[in-house]
Amino acid sequence: MNDCPGTGFYSRPTADVARSLIGTILVRKARLHGKTVRLSGRIIETEAYGHSDDPASHARMGPTPRNGVMFGHVGRAYVYFIYGNHFCVNVSARSRNEKAGAVLIRALEPIQGIKIMNKLRGVSDPMLVASGPGKLTQALDITSLQNGIDMTSAASELHIEHGVRAGNIMATPRIGITRSAERYWRFVDPTSKYLSRKLQIKV
DNA sequence: CGCTCGATATTCT
DNA sequence: GAATATCGAGCGA
């Protein structure tokens, strides 16, 4: 038995996968101080990135040393270093007629290992521990060492498990991009209290 | 609260 | 040389 969405789940249009990932669980089995700890959180914010049809995507110009995972098997971790400061984690996903694609995981509701995640982050507030793409990689001890890992197997040190689908999901423009800013490829669970205040939907 | 700015890898122009 | 799928410190109001 595998509790994880399989490759079929990720072999769909990237935006569909990004929407479906809201409510699933990101699980990290980290080796810290000689002990294996299980850290996890519910995914509440994602963004889809495509191929040459998507001017905002790392894959828009074709493969490079950094983005290779976006062109490989689906369901793998694409971890990259951004602004010389932070890691971001994606899972590769695309329909069968596309050449590249990935879904950026942007925010989590912490579930397991909250105290450890706080320590890794240097914070004490669960609202601040994983409420952004750079924050959640630090909270879950995700670095380029995890690039390429198969996220469809519960045996992996970094994987995604099935969760409870959100009651409603909202689509918005993606954050921090300038090209294709009109495309609604960011998905959030608007009922989550763990979205950062800045990204909170105004009613 | 909101704004500016530094950090500085990777890629593109 | 410039831009970028970010974050937090420092500052002023």
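Within every chain, numbering begins at 1; the chains are lettered A, B, ... in the order of the sequence lines, protein sequences first and strands thereafter.
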*Asks:* Tell me every residue that passes salt bridge (Lys or Arg N to Asp or Glu O under 4.0 Å) with A:Glu98, counting only those two or more places apart in sequence or in another chain.
*Replies:* none
*Asks:* Applying a 4.0 Å non-hydrogen cut-off, can you work out what A:Tyr49 is touching in the nucleic acid: base, sugar-phosphate, or nothing?
*Replies:*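 Base, at least one base atom sits under 4.0 Å.
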*Asks:* Go ahead and name the base partner of B:dT8; Watson-Crick or wobble counts if both distances stay under 3.5 Å, otherwise write none.
*Replies:*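 Matched B:dT8 with nothing under the 3.5 Å cut-off.
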*Asks:* Select base, sugar-phosphate, or nothing to describe what A:Arg179 touches, counting heavy atoms under 4.0 Å on all strands.
*Replies:*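 Contact class for A:Arg179: none.
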*Asks:* For the side chain of A:Arg121, starting at C-beta, report the closest nucleotide among B:dT13, C:dC7, C:dA5.
*Replies:*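 Of B:dT13, C:dC7, C:dA5, C:dC7 is nearest to the side chain of A:Arg121.
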*Asks:* How long is the gap from CG on A:Asp141 to CD on A:Glu157, to the nearest 0.5 Å?
*Replies:* 9.0 Å
*Asks:* Angle between ring planes, A:Phe81 versus A:Phe87, binned at 30° and 60°: parallel, tilted or perpendicular?
*Replies:*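 Ring orientation, 0 to 90° scale: tilted.
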*Asks:* Nearest to the side chain of A:Arg66, which nucleotide is it out of B:dT10, B:dA9, C:dA5?
*Replies:*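 Looking only at side-chain atoms, A:Arg66 lies closest to B:dT10.
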*Asks:* Mind calculating the distance between OH (A:Tyr78) and P (B:dT10) to the nearest angstrom?
*Replies:*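 These atoms are roughly 11 Å apart.
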*Asks:* Is a donor-acceptor pair below 3.5 Å formed from side chain A:Tyr83 to base B:dA9, judging by atom type as modelled?
*Replies:* no
*Asks:* Could you tell me whether the phosphate oxygens of C:dT6, OP1 or OP2, come under 4.0 Å of any side-chain nitrogen or oxygen in A:Arg106?
*Replies:*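 Affirmative; the distance criterion is met.
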*Asks:* Starting from P on C:dT6, measure out to CD on A:Glu47 and report it in whole angstrom.
*Replies:*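 Going from A:Glu47 (CD) to C:dT6 (P), I get 7 Å.
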*Asks:* With sugar-phosphate meaning primed atoms plus P, OP1 and OP2, does A:Leu104 contact a base, only sugar-phosphate, or nothing at under 4.0 Å between heavy atoms?
*Replies:*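 Base, at least one base heavy atom under 4.0 Å.
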*Asks:* Please report the distance, rounded to the nearest Å, between CZ in A:Phe81 and C1' in B:dA7.
*Replies:* 9 Å
*Asks:* How far, in whole Å, is B:dT13 from C:dA5 if one measures between their P atoms?
*Replies:* 13 Å
*Asks:* Say we look at B:dC5 and C:dA2: how far apart would their P atoms be, to the nearest angstrom?
*Replies:* 16 Å
*Asks:* Roughly how many Å is it from CZ in A:Phe87 to C1' in B:dT8, rounded to a whole number?
*Replies:* 13 Å
*Asks:* Check whether the ring centres of A:His73 and A:Tyr10 lie less than 6.0 Å apart, and answer yes or no.
*Replies:*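 Not under 6.0 Å, so no.
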*Asks:* Quiz question: by atom type and distance under 3.5 Å, do the side chains of A:His58 and A:Tyr78 form a donor-acceptor pair?
*Replies:* yes
*Asks:* DNA chain B: A:Gly84 or A:Pro65, which has the more 5' nearest nucleotide?
*Replies:* A:Gly84
*Asks:* DNA chain C: A:Leu128 or A:Ala102, which has the more 5' nearest nucleotide?
*Replies:* A:Ala102
*Asks:* Measure the distance from OH on A:Tyr80 to P on B:dA9 and round it to the nearest whole Å.
*Replies:* 16 Å
*Asks:* Of the nucleotides B:dA7, C:dT4, C:dC7, which has the atom closest to the A:Asn85 side chain?
*Replies:*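 The answer is B:dA7.
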*Asks:* Do we see a donor-acceptor contact under 3.5 Å between the side chains of A:Arg186 and A:Thr172?
*Replies:* yes
*Asks:* Looking only at side-chain N and O atoms, does A:Thr178 come under 4.0 Å of OP1 or OP2 in C:dT4?
*Replies:*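 So the side chain of A:Thr178 is within the cut-off, an N or O lying under 4.0 Å from OP1 or OP2 of C:dT4.
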*Asks:* Would you kindly give the CD1-to-C1' distance between A:Ile82 and C:dA2, to the nearest whole Å?
*Replies:*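 Value for this atom pair: 14 Å.
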*Asks:* Whole angstrom is fine here: how far is it from NE2 in A:His58 over to C1' in C:dA3?
*Replies:*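 Whole-Å distance recorded here is 11 Å.
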*Asks:* With respect to the side chain of A:Thr64, which nucleotide from B:dT11, C:dA5, B:dT13 is positioned closest?
*Replies:* B:dT11
*Asks:* Provide, to the nearest angstrom, the distance between the CG atom belonging to A:Leu136 and the P atom belonging to C:dT6.
*Replies:* 11 Å
